[in-house]
Amino acid sequence: MYRISDESGNIYTQYTYLKEADFEKMIVANSDRIFGEEGIYFNIKKLIGTPKKGATIPDGYFLDLTFHNDPRLYLVEIELNSHDVYGHIGEQLLRFGISTESDKYKIKNCLISEVNKDKSRKQKLENYFFKSKYQNINELLDKVIFENRPAAIIVIDEATEELYNVMAQLTMSTEVIEAQTYICREK
């Protein structure tokens, strides 16, 4: 566990989340800082895929618009490192890969629906379209869902060697973001 000290001598210690739901609330509240302001985080929890054939419920989606001509869609899994890497996280990533192949239209429709409900998302996309080669949300989502394979992001409080071993066995491109909360214990 890390400890941080600032110039005033205040000590910050890592807060340990006991419930994944509390950790997830922090991630959603800070999604622009965690994923980047150039993209759009969608806090969507809907079943994708076919039940009994790899169906899953991602914790969210991140549409990365950082590179104007190379956007990317990520399925997001928010986890605590105390969860079973092999039986839970690995299985979830495998289901992501299966479900993104079998339920592309549902993913696209969910994202379009969320964009249509939110003026700030619409405006961010309009600004993006002005700078990119894409003309509208349909064209953009066709690119990131149908032409490119969606990838995955695991947001976790602490990545382990076991997590990277599991990721190495999967064909779906997967990134890891470590996110932690620190509490100030004044001197």
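- The shortest heavy-atom contact between Gly60 and Tyr41 is CA-OH, 3.6 Å.
- Note on Leu170: it clusters hydrophobically with Val176, by side-chain heavy-atom contacts below 4.5 Å among ILVMFWY residues.
- No side-chain donor-acceptor contact under 3.5 Å links Ser8 and Asn10.
- The neighbour count for Lys106 NZ, taken as heavy atoms of other residues, nucleotides or ligands under 6.0 Å away, is above 12.
- Proximity of a side-chain donor or acceptor of Asp103 to a complementary backbone N or O of Gly49 within less than 3.5 Å is detected.
- In this structure, the side chain of Asn116 engages the main chain of Ile112 through a donor-acceptor pair within 3.5 Å.
- Remark: Arg149 engages Glu101 in a salt bridge, criterion side-chain N to carboxylate O under 4.0 Å.
- Both Leu80 and Val28 belong to a single network of hydrophobic side chains, linked directly or stepwise wherever heavy atoms of I, L, V, M, F, W or Y lie under 4.5 Å apart.
- Here the straight-line distance linking atom CD1 of Ile153 with atom CD1 of Ile177 works out to 4.5 Å at 0.5 Å rounding.
- Taking CZ of Arg95 as the start and CG of Leu75 as the end, the distance is 14.0 Å to the nearest 0.5 Å.
- Checking Gln123 against Asn127 by side-chain atom types alone, a donor-acceptor pair falls below 3.5 Å.
- In this structure, Leu63 and Val144 have side chains that are in contact, with non-hydrogen atoms separated by less than 4.5 Å.
- To the nearest 0.5 Å, atoms CD1 (Ile44) and CD1 (Ile57) are separated by 12.5 Å.
- Rounded to the nearest 0.5 Å, atoms OH (Tyr128) and OH (Tyr134) are 5.5 Å apart.
- Hydrophobic clustering (ILVMFWY, side-chain heavy atoms < 4.5 Å, transitive): Tyr74 and Ile48 are in distinct clusters.
- For Ala179 against Phe23, the heavy-atom pair with the smallest separation is O-CE1, 3.4 Å.
- Both Tyr164 and Ile156 belong to a common hydrophobic cluster when Ile, Leu, Val, Met, Phe, Trp and Tyr are linked at side-chain heavy-atom distances under 4.5 angstrom.
- Closest approach of Arg121 to Asn43, counting heavy atoms only: NH2-N, 4.4 Å.
- The closest donor-acceptor contact from the side chain of Asn69 to the backbone of Lys133 lies under 3.5 Å.
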*Could you go step by step and tell me if Asn148 and Lys143 meet the side chain to side chain contact (heavy atoms under 4.5 Å, CB included) rule?*
CA-CA 6 Å; Asn148 295 347; Lys143 173 69 174 177; 3.8 Å; yes
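- Contact record, Met167 with Thr174: CE-O, 3.3 Å, taken as the closest heavy-atom pair.
- Both tests do not hold together for Arg33 against Phe35: distance to the six-membered ring centre under 6.0 Å, angle to the ring axis within 45°.
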*Yes or no on side chain to side chain contact (heavy atoms under 4.5 Å, CB included) for Met172 and Thr100, after CA distance, side-chain angles and deciding distance?*
CA-CA 10 Å; Met172 181 177 220; Thr100 56; 4.2 Å; yes
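- In this structure, Ser99 and Gly54 approach most closely via the heavy-atom pair OG-O, 2.6 Å.
- For the pair Glu175 and Ile154, the minimum side-chain heavy-atom distance is 4.5 Å or more.
- Going from atom CG of Asp6 over to atom OH of Tyr182 covers 14.0 Å, rounded to the nearest 0.5 Å.
- Of the residues Asp118, Leu73, Leu111, the one that meets the side chain to side chain contact (heavy atoms under 4.5 Å, CB included) test with Phe42 is Leu111.
- Judged by distance alone, the side chain of Gln180 and the main-chain N or O of Asp157 form a donor-acceptor pair under 3.5 Å.
- The closest donor-acceptor contact from the side chain of Lys46 to the backbone of Pro58 lies at 3.5 Å or more, if one exists at all.
- When every heavy atom of Glu139 is checked against every heavy atom of Asn136, the shortest pair comes out as N-OD1, 2.8 Å.
- Looking only at distances, a side-chain donor or acceptor of Asp59 sits under 3.5 Å from a matching main-chain atom of Ile78.
- Here the CZ-OG distance, from Phe67 to Ser132, works out to 14.0 Å after rounding to the nearest 0.5 Å.
- Counting heavy atoms from C-beta on, the side chains of Leu140 and Leu65 come closer than 4.5 Å.
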*Decide side chain to side chain contact (heavy atoms under 4.5 Å, CB included) for Ser173 and Arg72; before the verdict, give the C-alpha distance in whole Å, the side-chain angles of both, and the deciding distance to 0.1 Å.*
CA-CA 11 Å; Ser173 176; Arg72 193 94 195 249; 3.7 Å; yes
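- Linking ILVMFWY side-chain heavy atoms closer than 4.5 Å, directly or via other members, places Phe146 and Ile137 in a single hydrophobic cluster.
- Other residues, nucleotides and ligands contribute more than 12 heavy atoms inside 6.0 Å of the NZ atom of Lys45.
- Checked by atom type, the side-chain pair Thr181/Gln14 shows no donor-acceptor distance below 3.5 Å.
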*List the steps, then state whether side chain to side chain contact (heavy atoms under 4.5 Å, CB included) holds for Lys108 with Asp142.*
CA-CA 8 Å; Lys108 180 179 177 181; Asp142 283 348; 2.7 Å; yes
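- Panel note: side chain Ser113, backbone Asn109; no donor-acceptor pair is recorded below 3.5 Å.
- Although no hydrogens or angles enter the test, the distance criterion places a donor-acceptor pair under 3.5 Å between the side chain of Thr160 and the main chain of Leu163.
- The 12-atom threshold is exceeded at CD of Glu162, counting heavy atoms of other residues, nucleotides or ligands nearer than 6.0 Å.
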